[in-house]
Structures are given as structure tokens and as C-alpha cells.
Protein chains: 2
Amino acid sequence: MKIKCRSVYAEGVAQRGSYAKGVAKREEILERALAVIAREGYRGASVKEIADAVGLSQAGLLHYFDSKEELFTEILRKRDEVDMVHYAPLSPEEKEERADLRHGYLDVIRHNRDVPGLVQLFSRLSVDAADPQHPAHKYFIERNDTLRAVFAHALAQRQSAGELTARVDPETLARIFQAVADGMQIQWMLDPDVDMAATVDALFDALTTPKKDGTRDAAS
Amino acid sequence: MKIKCRSVYAEGVAQRGSYAKGVAKREEILERALAVIAREGYRGASVKEIADAVGLSQAGLLHYFDSKEELFTEILRKRDEVDMVHYAPLSPEEKEERADLRHGYLDVIRHNRDVPGLVQLFSRLSVDAADPQHPAHKYFIERNDTLRAVFAHALAQRQSAGELTARVDPETLARIFQAVADGMQIQWMLDPDVDMAATVDALFDALTTPKKDGTRDAAS
DNA sequence: GTCTATACTCGGATAGAC
DNA sequence: GTCTATCCGAGTATAGAC
């Protein structure tokens, strides 16, 4: 698929069905909120701000969501959904053919440079969601688990192929990659000059098993 | 030095000087606040909560700090100060003799298990401080730079000794370790069962150059 | 230096009209 | 379903007495 658009989070893409009007509207809201936050950033944005951006009143917006926290959690879910379509790193069906998750992974990370607001929202909620009562708690646990499982699977394949260090089990390696991704976001937010993708790529390099002849492996 | 106490962040340790009474009191406040947050956790604590814990009124506490944000930033500074005394991983003078920062580093990380409130405060502020206007912005930039520099130096030594992969430059490796530490805190807060130290240790393992007797060594 | 009291702001939630 | 209007709590910051 050759989807290559300027903004992954396009606005106003509502698919209007005859039934379940409410659901469609809700999706439209999420998509627009996503676009706005991606573009204009998130600094502890209020429901009112999102409402304005989406073209509703605060009360009107909260008609679709139980609370502020749920709203933002759903925005993150929608983000994953959109990203999945574009980068499909999570799709279990295709994971076989993506032996090189490396490039897909790096693409997502590079893309994040263009959506600072979402990175901020994600990081902020990551911390807040530590509280088991937080609406996003389950979301993060499930997301992390899924992501790690897919990653571990792909890493194990590389280990079997002798391309990746086998000194550490793939589950732990997956955990490390996840930590690096999250941690690099924090460093990047603090200093936009740091290159998240290059650093993660360097980790891939560092873990790559050296070729016998001494030359560097370009890593499929 | 054999300091080995139950609580690194002891309460009520004020050294009362004749002059600069205000400064001493301020230090005492910070030490107590540190102990309270470490013990009872931080979930977006208000100034009032800290004031109560410290034995002052909210107004009384704010007499010593310009704002809530400055207060919490200073608490983090004090934490570093205390940690430095106990683990001294930052001391430039001694870094030479700590060729194995590995164990010191892991000690700090293990210690963090015992102070969840500080981990939460640190992570939360890490995100908020992305805003250049935030009082903690400079703190984090400077702290990260210092930490990375010390780390990079130690890693470079290990590389020279042929113990650590030389496929990636020490500065980038230091950045990776920092990212992993931050990222693992997030994972740990979400699920206290994850072992931060073990994971970081695994990364050390993964980057360690294989011994000669085993498979072929690349290095250099 | 520390308190009590209060002022003020922000923001989320709700009621009720249309 | 969406609005306007309002309420209410939380929390910071400040004024002023002691």
C-alpha cells in the first residue's frame, strides 16, 4: 500500500452510517481531536480546548465521553488504530512477513517527530495511568503487552537467524526496546534536537551479532 | 563509608546554624518532604498535603518556595543530593575508581523500588518539564547532561578494555541507558512486578563483548 | 516566620431549555 | 444531540494578624 499523505491524522473523515449515528460522530470527534493535538500540541489541554477545536461546546463534547480522562484515553486508542493502518506493526497476521520490524519500528518513531502533541499526551498519560483506578490503566497494560509480544516474536526470529545477540531472551529484549522508545520520547521532548530514531537504530546495531569477516552487517 | 540505614531519606535531620536560619529550615523542609513522598507516594500531591506532612500550613510552606513547581523541583534536587552521598555515581573526582559503574547504577535502580513516590514525582515532572517555561526544565537538562557525560566516560573505558561492544559510540550508549532507565520506571509503575534492575542488567549483558573462548570476538 | 482567612482561577461536571 | 448557564470543588496564591 502506497499511502503517503502529509498528515496521517487527517481531519473530517467521518464515515456517516445510517444507524449508530452516535458512534460515527464519536469517531469523527476522536479523529479531529487527534489531528488538533498532533498539530497544535498538548500541554495539559482541557476538555474545553478540545471541544473548541472540534467545534462543540464542552458539554456537547462530554455528551460522548464519561470524563476527561476517558476522552484522552480514547484519543490514544484512536491514534493506535490510525498508526496500525499506516504502519501495521501490530497486525498478527502479517508479522510473519515483517521479519524486519526494525524499519517499521523506526518509521513509527520518525513519524512521532511530526506529532509532538501526541507524544506529550502519551507520555503524560503513561505516568498518570500508573494508578490502577485511572481509565487508561488497562489500555497501557494491554497495549504494552501486545506490542512486546509481537516484538519478542520478531526478535526471536532474528536470534534464530544468528543476526541478533542471544545473550538475552527475546522477551527481555522486547522490554528493553519498549523502555528505550518511551525514554527517548522524554529526552526528545526535553530537547527536540535529539534523534530518537537514530538512537534506537544504534541499539539495533549494538545488539547485532558481528559478521565473521569483521565487516558490519547492514541488517536486513 | 559504610552507611547502611533502613531509610536513605531520613526525617528530621536539620543542621541548625546560627546564621542563614532560613536556609537551614528550607533544607529541613526538603528532607522531610522527601521522606514523606518516598514513603507515602505522590499522586499529584498538592502543596497542602506536603505542608501537612512537614508540619506547616500551606502558606507557611510557600514562604520558602516561590511556587508549587519550584517546591517539587527542589525536592528532586535534594533527592539527587542525598543519592549522590549514598551512591556517588555522579562525583567526577571518584569516577576513575568506579570503573564498574554497573553495580553502582544497579544499586540506585534497586533502591528506587523502595521509593515509588519519588519515581512517580520524577517521571511526572520529566514530562511536564518539557515546557521550557517550567521551573524544572533546566534542572532536567543539566541533570541528564551530567549523568550522561559520566556514564559515557565510564562506558568508553569499558570499550577500550574490550569488554563492551564498540559498535556504537559511548555517548549514544549513555543515552540509551538513560532512556532505558526512564522507560523502565514507567513500566514498573504500571506493573510493579517488572524487575527494573534485572532488565537494565540484561542490557549490560547484551552489550558485553563475548569472551574469546566462546564464539569469535569482533570488538575494536 | 508562621498562622488564619480569603480571594481568585480554572476546569470538570450537571441541569435544563431548545 | 447540542447548547447555555451554573455549580462546585480543588488548589494556588496572597493579605494581614500575631
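So you know, we letter chains A, B, ... as the sequences are listed, proteins then strands, and number each from 1.
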Report the distance from atom [atom1] of [X] to atom [atom2] of [N], rounded to the nearest whole Å.
{"X": "Ile29(B)", "N": "dG1(C)", "atom1": "CD1", "atom2": "P", "value": "10 Å"}
{"X": "Glu49(B)", "N": "dG11(D)", "atom1": "CD", "atom2": "P", "value": "7 Å"}
{"X": "Glu28(B)", "N": "dG1(C)", "atom1": "CD", "atom2": "C1'", "value": "13 Å"}
{"X": "Leu61(B)", "N": "dG11(D)", "atom1": "CG", "atom2": "P", "value": "15 Å"}
{"X": "Arg43(B)", "N": "dG11(D)", "atom1": "CZ", "atom2": "P", "value": "14 Å"}
{"X": "Tyr64(B)", "N": "dC3(C)", "atom1": "OH", "atom2": "C1'", "value": "12 Å"}
{"X": "Asp52(B)", "N": "dT12(D)", "atom1": "CG", "atom2": "C1'", "value": "15 Å"}
{"X": "Arg26(A)", "N": "dT2(D)", "atom1": "CZ", "atom2": "P", "value": "14 Å"}

Validation row: [X], [Y] side chains within 4.5 angstrom (heavy atoms):
{"X": "Leu118(B)", "Y": "Tyr42(B)", "result": "no"}
{"X": "Thr73(B)", "Y": "Phe65(B)", "result": "no"}
{"X": "Leu76(A)", "Y": "Leu121(A)", "result": "yes"}

Worksheet item: Do Arg113(A) side-chain atoms and Arg110(A) backbone N/O form a donor-acceptor pair below 3.5 Å?
Response: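 It does hold such a pair.
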Practice prompt. Check Tyr139(B), Phe72(B), Phe140(B) against Phe122(B) for a ring-ring contact (aromatic ring centres under 6.0 Å, His included) and give me the one that passes.
Written response: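 Running ring-ring contact (aromatic ring centres under 6.0 Å, His included) over Tyr139(B), Phe72(B), Phe140(B) with Phe122(B) returns exactly one hit, Phe140(B).
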Using nucleotides 12-18 of chain C, report all nitrogen or oxygen pairs with the protein that are shorter than 3.5 Å.
residue	atom	partner	partner atom	Å
dG12(C)	OP1	Lys68(A)	NZ	2.9
dG12(C)	OP2	Val47(A)	N	3.1
dG12(C)	N7	Gln58(A)	NE2	3.1
dA13(C)	OP2	Lys68(A)	N	3.2
dA13(C)	N7	Gln58(A)	OE1	3.1
dA13(C)	N7	Gln58(A)	NE2	3.3
dA13(C)	N6	Gln58(A)	OE1	3.2

Practice prompt. Kindly say whether the aromatic ring centers of Tyr105(A) and Tyr87(A) come within a distance under 6.0 Å.
Written response: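 No, the ring of Tyr105(A) stays outside the 6.0 Å limit from the ring of Tyr87(A), centre to centre.
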